[in-house]
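Every chain is numbered from 1, with letters handed out A, B, ... down the list of sequences. What you see is a predicted model, and the numbers here were worked out from it, not measured in a lab.
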There are 2 protein chains.
Amino acid sequence: MSNGVPNDEHEQQKNKILAVARESFTQKGFEATTTRQINKQAGISEGLLYYYFPHGKREILDAIIYQGIVERTKFIGLSFGDVNSVKDIEQQMTGFFDQVWQVFKKEENYQSFMITIRERMLLTDDQSKWLLDLMNTILGSLVEFLTKSFQKLSIDTSNVQQIAEIIMSIFQKVIYDELLIKNDRKTSSAVVAGVEQQIHVLLTLVSK
Amino acid sequence: MSNGVPNDEHEQQKNKILAVARESFTQKGFEATTTRQINKQAGISEGLLYYYFPHGKREILDAIIYQGIVERTKFIGLSFGDVNSVKDIEQQMTGFFDQVWQVFKKEENYQSFMITIRERMLLTDDQSKWLLDLMNTILGSLVEFLTKSFQKLSIDTSNVQQIAEIIMSIFQKVIYDELLIKNDRKTSSAVVAGVEQQIHVLLTLVSK
DNA sequence: GTCTATACTCCGATAGAC
DNA sequence: GTCTATCGGAGTATAGAC
């Protein structure tokens, strides 16, 4: 850190430790992962871990959680475009879902997500609140987008809040099921297709 | 167990240990819970735990998981009744949701659910598959019920599969959010009201 | 920065008296 | 059935040489 270059050797060593720990925390959990094993897998000796993370395992966990939240929140720059038909709305919705789905396909994001959920009792309120905040932000922009689009297409807007919530439910159910329950982020296109069908049916009903 | 009476002293002791362990596994996790602490909280001495559970902590976990699955699966005797209007469908749906919600309000059910999700990497495939099986069973009866009801009320049945899936999403999203993310099963009636509104809007759209 | 060696604690599990 | 005492091992963290 002496020269301020972000990817100097110091940072590389730290990242190596973080990567090994993230992998193991995901596979075996925080408590079941030992510093000895992290050292071994990272190819470093007993003492060195404490040079990079003076507060030990817990500091490593915090770093992983923090990195993960920052990384996953990046994709939120979601800007819904203009629409001229219901079909357009549908496409924007499924496009947004794909975008979220891609995020969790990245090993690193998937792992820090799983750790954050699994070890939530170890986290501070701030750390564990990120998902709810994220969801609320997304729901907000969804309501805004649907309201604008419905008005333009002369669709009744009185239930727009509930419709947005239903769409969020469709997205979240799939993500929770695949990641938390099935533990399978490589899932087939069948899952994505299912989501798209449900969105299609819902929006068809809305525009009738 | 010599006389076959289900609630003899032997069973009571076992249940005491299980209750203490379940509480601690929920609060601190399986790995972070020590047998010493279970012994202390259960008011028994060092060796006694191994008299009741010869295979130690792991056997206790298995017992908790198994008990929980059995207990939570009981409520599945869901029989949807006859309907004469869309309003009836709506009531049966919200009634079913309330039923599920009540199950998780029971401390014991909530705890074993959380443990099952949280420690899923420790479980056998059989043990971790229960939720998916349960969901599919429910989805099946939902499709059946809606098909029958729609036919009776002369509603288009071509999208009944997707509509059932959407309803499942609405239910599951709330349960996951409240239990896994917010960690708050005592949640206000606002959550239930939100679900009911979404179901209402969806079924109104369907019957138009 | 990186290593070796090790201190110290606590864990799961067992032995054996009662 | 229940207890006390304790073993053997493993965990986190530190000391100190290089």
Side-chain angles (χ1 to χ4, degrees), chain A residues 1-65 115 118-119 121-122, chain B residues 1-65 115 119 121-123:
Chain A
M1 286 301 304
S2 47
N3 54 10
V5 174
N7 244 5
D8 57 5
E9 282 171 37
H10 183 93
E11 289 301 304
Q12 280 182 31
Q13 277 281 46
K14 266 186 111 157
N15 286 332
K16 173 73 181 164
I17 294 171
L18 287 175
V20 166
R22 186 165 41 230
E23 173 77 25
S24 184
F25 289 172
T26 310
Q27 244 55 271
K28 324 202 301 174
F30 174 74
E31 290 288 347
T33 300
T34 68
T35 52
R36 258 196 257 274
Q37 176 216 325
I38 295 174
N39 293 331
K40 195 176 171 186
Q41 283 183 255
I44 61 174
S45 60
E46 273 314 300
L48 194 54
L49 187 145
Y50 292 90
Y51 171 76
Y52 289 103
F53 299 95
H55 301 291
K57 218 169 71 160
R58 174 65 210 221
E59 187 178 352
I60 295 178
L61 178 65
D62 285 337
I64 290 173
I65 300 291
I115 296 167
R118 215 190 99 99
E119 314 293 350
M121 75 266 284
L122 290 176
Chain B
M1 285 305 300
S2 47
N3 55 8
V5 174
N7 244 4
D8 58 6
E9 280 173 38
H10 183 93
E11 288 302 303
Q12 279 184 31
Q13 277 281 46
K14 265 186 112 158
N15 285 333
K16 173 71 181 169
I17 294 171
L18 287 174
V20 166
R22 185 165 42 231
E23 172 77 26
S24 186
F25 289 171
T26 310
Q27 243 58 271
K28 325 202 302 177
F30 174 74
E31 290 289 347
T33 300
T34 69
T35 51
R36 260 194 252 275
Q37 177 216 324
I38 295 174
N39 293 332
K40 194 175 168 187
Q41 284 184 256
I44 61 174
S45 62
E46 272 314 298
L48 194 55
L49 187 145
Y50 291 90
Y51 171 76
Y52 289 103
F53 298 94
H55 302 292
K57 214 169 75 163
R58 175 64 212 221
E59 189 180 350
I60 296 177
L61 177 65
D62 285 336
I64 290 173
I65 301 293
I115 295 167
E119 313 293 351
M121 74 268 284
L122 290 176
L123 309 185

K.L.:
How long is the gap from CE on A/Met121 to CD on A/Glu119, to the nearest 0.5 Å?
P.N.:
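Going from the CE atom of A/Met121 to the CD atom of A/Glu119 covers 7.0 Å.
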K.L.:
Between C/dT2 atom P and A/Lys16 atom NZ, what is the distance in whole Å?
P.N.:
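Checked: the NZ to P distance equals 14 Å.
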K.L.:
Looking at residues at least two apart in the chain, or sitting in another chain, which of them share a side-chain hydrogen bond (donor to acceptor under 3.5 Å, both in side chains) with A/Ser24?
P.N.:
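A/Ser24 satisfies side-chain hydrogen bond (donor to acceptor under 3.5 Å, both in side chains) with A/Thr33, A/Gln37 once adjacent residues are dropped.
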K.L.:
Does any non-hydrogen side-chain atom of B/Leu48 lie less than 4.5 Å from one of B/Gln13?
P.N.:
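A side-chain contact under 4.5 Å exists here.
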K.L.:
Which of residues 32-40 of chain B have a heavy atom under 4.0 Å from DNA chain C?
P.N.:
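Residues of residues 32-40 of chain B that come under 4.0 Å of DNA chain C are, in numerical order, B/Thr33, B/Thr34, B/Thr35, B/Arg36.
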K.L.:
Enter the distance from B/Phe25:CZ to B/Ile38:CD1 here, rounded to the nearest 0.5 Å.
P.N.:
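CD1 of B/Ile38 is found 4.5 Å from CZ of B/Phe25.
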K.L.:
Could you pull out all residues at least two apart from B/Tyr52 that satisfy ring-ring contact (aromatic ring centres under 6.0 Å, His included)?
P.N.:
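B/His10.
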K.L.:
Check DNA chain D against residues 18-27 of chain A and give the residues with a non-hydrogen atom under 4.0 Å, in numerical order.
P.N.:
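Heavy-atom contacts with DNA chain D come from no residue of residues 18-27 of chain A; none.
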K.L.:
For B/Tyr50, which residues count as a side chain to side chain contact (heavy atoms under 4.5 Å, CB included) partner, sequence neighbours excluded?
P.N.:
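Partners of B/Tyr50 under the side chain to side chain contact (heavy atoms under 4.5 Å, CB included) test: B/Thr35.
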K.L.:
Please give, in whole Å, the distance from C/dG12 C1' to B/Phe30 CZ?
P.N.:
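Taking CZ of B/Phe30 and C1' of C/dG12, I get 11 Å after rounding.
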K.L.:
Quick test of your reading: applying salt bridge (Lys or Arg N to Asp or Glu O under 4.0 Å), list the pairs with at least one residue in residues 41-58 of chain A, sequence neighbours left out, ordered by first then second residue.
P.N.:
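Salt bridge (Lys or Arg N to Asp or Glu O under 4.0 Å) check on residues 41-58 of chain A returns A/Arg58-A/Asp62.
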K.L.:
Identify, residue by residue, the members of residues 42-65 of chain B with a heavy atom below 4.0 Å from DNA chain D, and return them in order of residue number, or none.
P.N.:
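DNA chain D contact set from residues 42-65 of chain B: B/Ile44, B/Ser45, B/Glu46, B/Gly47, B/Leu48, B/Tyr51, B/Tyr52.
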K.L.:
Would you kindly give the CD-to-C1' distance between A/Gln12 and C/dT2, to the nearest whole Å?
P.N.:
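Going from CD in A/Gln12 over to C1' in C/dT2 covers 16 Å.
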K.L.:
First locate atom CD1 of B/Ile44, then atom CG of B/Leu49, and finally report the distance between them rounded to the nearest 0.5 Å.
P.N.:
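Spacing of CD1 (B/Ile44) from CG (B/Leu49) equals 5.0 Å.
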K.L.:
For residues 14-42 of chain A, which residue pairs qualify under salt bridge (Lys or Arg N to Asp or Glu O under 4.0 Å), counting only residues two or more places apart or in two chains?
P.N.:
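The answer is none; no pair qualifies.
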K.L.:
To the nearest 0.5 Å, what is the distance between CG on A/Asn39 and OG1 on A/Thr34?
P.N.:
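Answer rounded to 0.5 Å: 8.0 Å.
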